Structure formats: C-alpha cells, structure tokens
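Notes for the one structure printed next.
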Amino acid sequence: MNDDPHGGWPGQDPDPARRPQRPAGPPRRPAGPPPGYGQRQSPGPQGPGQAPWQRQGPSQQQPPPRRPQRPPVAPQHEPDLITHHEHNGTTDRGYEEPYEDEQYGPETDENGKPILTPAQRKKRRWRRIRRVLLALFCLFVVIPAIAFVITYFAVDVPSPQSVAATQGQAVTYYYADNTEMGKDVPKGGNRQILTPEQIPDIVKKAVIATEDASFETNSGFDIGGILRAVYNQVTAGKGGGSTISQQYIKVASGDDESSLARKWTELAKSFKMNQTYEKKDIITAYLNIIYFGRGAYGIESAAQAFFGKPAGELNASEAALLAGLIQQPGRSENPKVANERWTVALNRMVQNGFLSAADRANLQFPTPIPQEDKQQAGVVNPFIRDKVKEELAANGITDDVYYRGGYKVYTTIDPKAQAAAEQAVAEGMKGQTDENLLNALVAIDPKTGGVKAYYGGPSIVKGPNGKDQKGRDWANTPQNPGSSMKPFDLTAYMQLGKGGINSTFDGSDNRQFGKQKIRNAGPGSSCSAQCTVSEAMQRSANTVFYDMVVNVTKPGPVAQAAKDAGIKPAPEGVSELFADNNIALGGGKTAVSPEDMAAAYATFAAEGQRRDKHFVVKVTNSQDEAAYSAPEEAKPAFADDADKSKQIAGNVTESLKGVIPFSKLKCPNNHECAGKTGTQQHTYRPGEPASAKDANSQTWMVGYTPSISAAVWVGGDGDKALKGKNGKSIFGSTIAGPIWQKFLSLYLNGKPGERFDKVKIIGGDDSNTVPSTQTPPEDDEGSTETGTPSTGPSTGSSSSRNEEDPPSSSKNPPSSSENNEEGGNGGPGRGGRGDTE
C-alpha cells in the first residue's frame, strides 16, 4: 500500500530532493507491524534497505503472507494529517515560507482594528469620498431633476382671465354681536384685460426694471433668488427675489406661504410659463392681475384709481410710481413711501437703459388724484376698515390678498357702544361755533383688549376744491396729552419703589427748577408744601409731578411706564414718548393718539393686566374656514409679579377716583369710575388777538370703569387757539369731559353695577390710608384764566398750560401756567417722603 500522498512505497522516497529532511536528533524507532501481526520474530540485525520485519542471516525464513490489497483509490488532495509535515516533525521545504500576517494575522490597534498602511488609508478615504459624492449627486441632481419633470407635467398655468375672476371680491364686516356692519367693496374700477399692444412700452419697462431686471433673459426663475429663498426658509426668514413669472404664479395661486414646497411648485409653473408663452404675453398677463393699491387690481384699474386716465395714456413718471407701488401697495397713501418707491423705480430705469439720465432729471413726482371714499349706506366706516386692514396685514392677510378671499371679518365693535359714541360726540359738540374744533372718541374693553367703539371724526370732508374727500382719522393722530400723562408719572414713581400716593411733595405755585419756573393753574390747582400725591393728582398740581419726574424718577422710566401700559410709539405705532422733562406734564414733543390713551388706561382698569388692543375677533374665507383668530393674551404690565402689578394699577385708580368729582363730572349710576383730564396751552404768536394768550389747543378726558375705558379728545389740527361757546377758553372738563360722561352713561345704561377691587395703598406713613376726595370747585365751567405767564427761558417746542379744569374759584381766578419746558435739573422738592433721590 502506498501511504505517501505523493506516491511511492513505504520506506521509499520517490523524490528525495523534495522530501523534507528530518532534523538532527536521536535515532528514529523503526516502524513495524502492529502488535500481533504475523508470527513472533526473533530480533536480528537489520541491514540497509530491508524491511523491519525481514529476518537477517543465512537461514532467512519466508516472508509472511501479504495482506489483501485494497482497491486502488484515485489520488486526492486532503488536509495534512497529524502525522505529516510539521505535525510529525517534518517540514515541506518545497513550499515558500508563509507571510507573517498570513501566519499570525494583521497587526491591530488597542481597539482590535487592523493597522493600515498610508496607501491603504488613502485608498479607503477616496473610496468613501466617491460614495458620498455619488449620494450627493443623486440627492441634489438626479432626484430633483426627476421630481421637477414630474411636477412640470402635473401643473398648469392659470390664465389672467381666470385669475381676474377671483379678484375684487367684497369683504363683509360684522359687529361683535354677529350682525352685519357693512361691506367693503373694492373700488378698482374697470377690470378690463388689456392686450400687449394696449399697454405702453414705458409701463412695461418701468415694471421690468423695478421688479425683475433679468426678465428678458431668464427662464422664469433666478438662481440667486432660489438660494435666498432656501436660506430664508432655513433661518426662518422671508423673501427671496422672485421673478415676474414667479410673482404671477404666486398671485394666480393665491398662495403666499413662505415654504420650500410652495416655492418648488411656483418654480415649475413659472418655468413652464416661459416655455409656453412669449415674454410680451407674460409681462402683459402680470400687469393685468397685479395689485397696485387703492383696491386696484391690474394696470387699467390702477391708472383710473390713481390718475383718472386709461393705462394707454400713462407717462414715464406715472408709470414709475405705479411700478414702485407694486412692492408696497398697502402704503400707497403714505406720501413719503410713495415718493421713495417712485425714486427707486426711476433710478432702476436709468440703470437698465430704459430712461436717460437727462430725461430722469426733468421728471416731477406725479401727485395722485384724491381718493374718493364716500360713506354710503351698507358700507363699513372707512376708519374702522383701515384699522382692521392694518391689523390683518400684520397677521398675514396683506392688502394685495384682502379682496381675493371673499373674507368675513368679525370685529370687536359693539353696535351699542358705537352708537353711544357717535351720539355723545354729536351732543357734546352741539352749539360749538369754532370751526377749528375737532374730536375723537375710542372705547376699549379692559377684559379683552377689544375696541368697542371707534370714532375718528367725519369720514368725508370738503377738499380745497369743494369736492368730497376722505377725512382724517383723529382717533389715530397723536396730540400733546397734557395732564392726562400724569398717571404714568405716578406709575413710574411706584415702579421704582420711591413712594406712593400718600407720599408728599411741595405743591405750591411758582417753583423754580434750575432755570425753569413751573406754575400751577391757580389756587385751585395748588396745594400745600406737604401735598400728597393723591391730592396733587386731583388738583393736577404741575409742580408736584414735575418735581417727581425731574428729581426722582427721571423722564426715561415715565416713557417706559407709558409703554408698559400700552402706548405704542413709532415705528410700531404713531405716538411719540420723548424722554425729556416735558414728558412729566405731557408737553414738548410727547404726543399720544386717543386710541393709545384708551388702551393704556384700560390696563389700569384691568388691574395691571395688559392686553393688546385689537379690532378683529376672527376672519373666515369664502368657504367659512378660519383664516385668522385674534389672541387675547394678558400679562402683568407694571411688574413681573401679577400681584405687584395689580397693586400699582390699583393705587393709580385710587388717585384718579377723586379727579371725577373735582372736575365736576359724574360716574354712571351704580358704577365706580376713575379718570384724568388734560389740557395743552396754545403758543401765542405775534399778530394774534390778546385772547389767544389764554387759549388752549388740545383738551382730553380719559377714564374708565372696570368694564370699559374711554378716551375723548377735543382739539385742533396743530397748535391753534380754540374757543368754546361764547368765545371762552376750553378745558378738559368743558367739552371732552361731558362727552366722556355721556358716552359712559349711554353705554352702561342697564348693565349691572361694578366697583374696583381694593388694594393695599403704597407710600406714606400709613400704608393703608385711602386718599380723601377734595371738594369740587364751585365756579361755573366757563370761567377764564388771568394772570401773568411764568418767567425763565423756554427750551421746548410748544407751550402747555398743563391743567385741565376751569378755575377753582370765580372770586380768585388762577394765573396762567406757561409751558413746562425742559429747563435745568431743578432743585430738590421741599415736600416730604419720597421727593428726593
């Protein structure tokens, strides 16, 4: 049998050269048959080449019988047996020595990972980079391309005719009780769809230069604009530089959502539009549907609304104004904005070669025709409408989509309160002969912030040419508040922890503060050198509050207290809180609108909880789906702690309660009320009659019950010498006060009685003392002031009487008080607790 896997017989080496040599060592025991095999053999010498079982010598026996031969088996390559090669001490020298890593495995680091050579690391790194690049290519190129193709064939481009059918829808307004107030019908005029030949080239060029300078060459989108849109979406911004085609799609779809999904669909549609239509048709379609302001959709309507002529007759200057207004149509009636947009449009026309610099220099601003806004039956009050539109624009329903949704606007206006306001004003102004007298009334619910009544004066007035034109909204026009600003002096004083309504100041007349002398209105407005703040509020003692602000709180905290209460200065609002010494008495550059004043006093009525004033409860679209709902969130106004804010507001209310009887006004039956009058003195000018020296230009009455806050303003357009009945001077308590009283009486008639919550009194030796109410003056309300004005330099911009009541005694008429102009720092007060820092 051949036991060698390489062939040959046992004991025979067929290939000695390949046979591995046995290492040196002790002699190898001869192999023999297993025990019991054959017969016993006597040991004998063995010669070379003999089998172990062969007997040596001359008497050699016959070999034992051989075992049966097994069938031949084909040679097979099998794993080495344990008796072969290295297992039995031999090595196959015919094979190369194995590599070390094949024999023991690759070297590894402490984490068990193979240690790679620099070449292997580089190869692995580039393999990963290729995979990442391939994935990015698929993600940003292949997949978007496939998606864009699918979107391209799935979308359609609306025609101008179909878009026009959805524009110019009336907006229906409702009162707070859900009865219909009226409709706001767009006045855009003729919605004629013009052809490319009917629109002048100068109009097209003005719009292209202003809105999309690359219009003639782009494919409907701008890569830079897309990147800006992506960036703004990621960073929660807005905008993105859309092309004219994209703007057309946005207007046509009515979808202005700032999202990538909307931008993607818009991109596909605008691209398809540019593949389907010529550029002249695209710009024409755009001009036929875009909004320009004044309720005008389309260039033909805009030409009629702004210039009273067809679009075909527009010149370069008029075209530039309309092109500029596309970006800000809601501010088309703001002269400053309109002029700025006109300038931008003309400059871009020059930059793009559509207008020469010489022609540009010769152009004049085209003044639009007066806007007609006739008050008709069934049409909503234009002042209320404008406030609603302003509020909606700030919450996503902008002016350009306002007439597209078929909206229903549910307002906060109470029909009973609105009727009461109009009746009170009419009765209060009855018999007044001064044509310069103007008025406004705003009422707000302290518990919600909703505007219950809004009267800004007549909505239609006669223009210079005798034609009817829209009146000015005096409820939204800031004026000097006079002494109605003093509650904010007191608020700041208590916020700083300097004292309270029982703290004392020197309330005597003719006090000197540095170079500035401050005077009270007379004996009725002055009090002792130990005058409590509460009494000073009732008498409206100027010297006390000027001392308080100049020497204790400083003007800045007073302005902040007014903001805390709800007054919104520019740019968020229209009011101005100028932080100089004049703010103490509501003079100088400080000016507040009646709307803001009603909102600020509503915070006192709401026990220190401020709620943003608003006109809208909710808005639904043509399918009665909710489009907007107003929040009614409340937060402490005067301190982080609600209880502290309530205490401060309650103390202000305590100080204002006594003002009502002192001003000879009355609260409605079964209702507690509080309030403050205010007067701003007219600045006498050379050439005016002597009576103008004692005249006033602005008067106020602002007050509240727990359920309603109302501000009434009666004054002039600017600093004018106003006269009441029989040519007498007017005060806060002579016209504004009775109007306020009448309104509350009408509105609260039949409503349950109400009282203010009691709070712990701040300031004074006895913190629980409730201020006493002074005896109201016995004079008749028409008494005039006499006396000499104060001396000392005047550094302010206007003069202010800074008292609100007629004289306290007909026998001793008070001397007039000149402007509380900002002077020096002033000396410290001579009162008592809390009058110095």
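Keep in mind it's a predicted model, so treat the numbers as computed, not measured.
Asn334 and Ser332 form no side-chain donor-acceptor contact under 3.5 Å, judged by distance and modelled atom types alone. Between the side chains of Asn315 and Ser317, no donor N or O sits under 3.5 Å from an acceptor N or O. Side-chain contact check for Glu211 and Gln247: at least one donor-acceptor pair (N or O, by modelled atom type) lies under 3.5 Å. The closest side-chain donor-acceptor pair between Asn218 and Asp212 falls under 3.5 angstrom. Side-chain N/O atoms of Thr343 and Glu340 include no donor and acceptor closer than 3.5 Å. In this structure, a donor-acceptor pair under 3.5 Å is present between the side chains of Thr172 and Lys183. In this structure, a donor-acceptor pair under 3.5 Å is present between the side chains of Ser245 and Asn274. There is no side-chain donor-acceptor pair under 3.5 Å between Asn381 and Tyr454. In this structure, a donor-acceptor pair under 3.5 Å is absent between the side chains of Ser214 and Thr217.
When all heavy atoms are compared, the tightest approach of Val574 to Ser593 is CG2-CB, 4.0 Å. Residues Lys613 and Ala599 approach most closely at CD-CB, 3.9 Å, considering heavy atoms.
Here the side chains of Phe292 and Ile326 are in contact, with some heavy-atom distance below 4.5 Å.
For CD of Gln623, the number of neighbouring non-hydrogen atoms (other residues, nucleotides, ligands) closer than 6.0 Å is greater than 12.
In this structure, Arg385 forms no cation-pi arrangement with Tyr173, as its terminal cationic atom is not both closer than 6.0 Å to the ring centre and no more than 45° off the ring axis.
The pair Glu333-Lys470 does not meet the salt-bridge criterion, since no charged nitrogen lies less than 4.0 angstrom from a carboxylate oxygen.
Ring centroids of Tyr410 and Tyr174 are separated by less than 6.0 Å, placing the two rings close together.
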